[in-house]
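Since the structure comes first, as structure tokens, the remarks are kept for the end.
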Amino acid sequence: MSQGAYRSGLSVIGNRTGSRMRTGLVGIVAGLCFALPMAGSAGVAAQSPVIGTISAVDSAGTVVTGPGRIVYLVPVSGAIRNEWRALCQRQAREEKAREAARDERPGKGNGGDTVGHGAAERDERLTEERLTLLQRHAAWRVTSSEAGEFAFDGIPRGTYWMLSAMRVGTRQYHWVERISVPLRRPQSLTERNATAPGCRDGLP
């Protein structure tokens, strides 16, 4: 039955039965109009898919997709930011103590290449420690396909950090992207937006 015919049917029913039937129909329709938005706001209307791709380039400039990469969604919260700051403060104290111990050792300053290599490894370890903190608070996680595609279903509207990591040859990529759900477009994780936020910059 068309919408016009349905409306005509209601008019005919109302004309035949009088004001009592019209009052009853108004009450039923009003009840339906009240119930449907409530159900929608708690269900489908309040959730959205989050889709995207992950890839990066190798040393030759070739784009490499990220199969089997874990992508996390972490709800943005002040409590997590506080944990992040506390971790950064602890890391700063440990780094200061390490430098003081190094300065007290004899023969400091020798073996610059070794020291530089050790600093890079230490920075990577500190970065991994900070990212692990965020991963512990992840509410959702998915694994990317062979084509580097990933999809989350039924994510409540809100603000999230999207996390992932990928190694291509000797290059290590990290992503901590702040997103708002629903997304306006698929989220792309590439070398262009790869970043591992440090303690000085803070979380996005």
Side-chain angles (χ1 to χ4, degrees), residues 50 52-59 64-105 107-145 148-152 155-156 158-181 183 187-204:
V50 173
T53 57
I54 179 171
S55 64
V57 297
D58 60 16
S59 57
V64 179
T65 59
R69 299 295 90 199
I70 299 177
V71 184
Y72 304 85
L73 279 184
V74 181
V76 170
S77 76
I80 297 177
R81 289 188 184 277
N82 290 338
E83 285 190 49
W84 175 276
R85 284 191 287 267
L87 174 59
C88 285
Q89 291 170 0
R90 179 176 64 78
Q91 288 181 339
R93 290 194 299 269
E94 292 176 353
E95 182 67 10
K96 187 175 181 179
R98 186 195 62 79
E99 291 179 354
R102 184 191 63 189
D103 292 341
E104 293 176 357
R105 292 198 303 267
K108 62 179 180 179
N110 297 328
D113 291 342
T114 302
V115 172
H117 182 68
E121 288 185 343
R122 187 167 58 255
D123 288 344
E124 181 65 21
R125 178 182 61 80
L126 295 176
T127 296
E128 291 290 344
E129 188 175 9
R130 292 191 293 269
L131 295 180
T132 298
L133 182 150
L134 295 178
Q135 292 170 8
R136 288 202 303 267
H137 291 281
W140 295 272
R141 55 181 286 177
V142 295
T143 302
S144 62
S145 68
E149 300 170 338
F150 59 86
F152 297 87
I155 303 302
T159 307
Y160 301 86
W161 290 300
M162 178 179 286
L163 319 175
S164 194
M166 177 178 174
R167 180 174 291 278
V168 179
T170 59
R171 298 183 179 183
Q172 178 66 50
Y173 296 95
H174 296 283
W175 290 272
V176 179
E177 287 287 294
R178 183 185 172 110
I179 65 169
S180 294
V181 177
L183 291 176
Q187 182 70 30
S188 294
L189 302 179
T190 70
E191 71 283 351
R192 293 187 179 92
N193 58 359
T195 180
C199 290
R200 179 176 300 179
D201 301 327
L203 289 169

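Just so you know, these numbers come straight off a predicted model, no measurement behind them.
Proximity of a side-chain donor or acceptor of Gln187 to a complementary backbone N or O of Ile179 within less than 3.5 Å is not detected. Side-chain atoms of Ser144 come within 3.5 Å of backbone atoms of Gly68 as a donor-acceptor pair (strictly under, hydrogens ignored).
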Donor-acceptor contacts under 3.5 Å from residues 163-171 side chains, at least two apart:
residue: Ser164; atom: OG; partner: Ile70; partner atom: O; Å: 2.9
residue: Arg167; atom: NE; partner: Gln172; partner atom: OE1; Å: 3.2
residue: Arg167; atom: NH2; partner: Gln172; partner atom: OE1; Å: 3.1
residue: Arg171; atom: NH1; partner: Asp58; partner atom: O; Å: 3.4

What donor-acceptor contacts under 3.5 angstrom involve side-chain atoms of residues 191-204, with partners at least two apart or in another chain?
residue: Asn193; atom: OD1; partner: Trp175; partner atom: NE1; Å: 3.0
residue: Asn193; atom: OD1; partner: Thr190; partner atom: N; Å: 2.9
residue: Asn193; atom: ND2; partner: Ser188; partner atom: O; Å: 2.8

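Taking all atoms of both residues into account, the shortest heavy-atom contact from Phe152 to Val71 is CZ-O, 3.4 Å.
Side-chain contact check for Arg93 versus Lys96: every heavy-atom pair is 4.5 Å or farther apart. Between Arg130 and Leu134 the shortest side-chain heavy-atom distance does not fall below 4.5 Å. Counting heavy atoms from C-beta on, the side chains of Val176 and Val74 never come closer than 4.5 Å. Side-chain atoms of Trp161 and Ile80, non-hydrogen and from C-beta on, do get closer than 4.5 Å to each other. The shortest distance between side-chain heavy atoms of Phe150 and Met162 falls below 4.5 Å.
Under the side-chain contact (heavy atoms from CB on, under 4.5 Å) criterion, Thr159 pairs with Val76, Arg178, Ser180, sequence neighbours left out. Residues satisfying the ring-ring contact (aromatic ring centres under 6.0 Å, His included) test with Tyr160, not counting sequence neighbours, are Trp140. Residues forming a salt bridge (Lys or Arg N to Asp or Glu O under 4.0 Å) with Arg90 (at least two apart in sequence, or on another chain): Glu94, Glu129.
Residue pairs satisfying the side-chain hydrogen bond (donor to acceptor under 3.5 Å, both in side chains) criterion with at least one member in residues 73-87, sequence neighbours excluded, are listed as follows: Asn82-Arg85, Glu83-His137.
Taking a cutoff of 4.0 Å between a charged side-chain nitrogen and a carboxylate oxygen, Arg98 and Glu95 qualify as a salt bridge.
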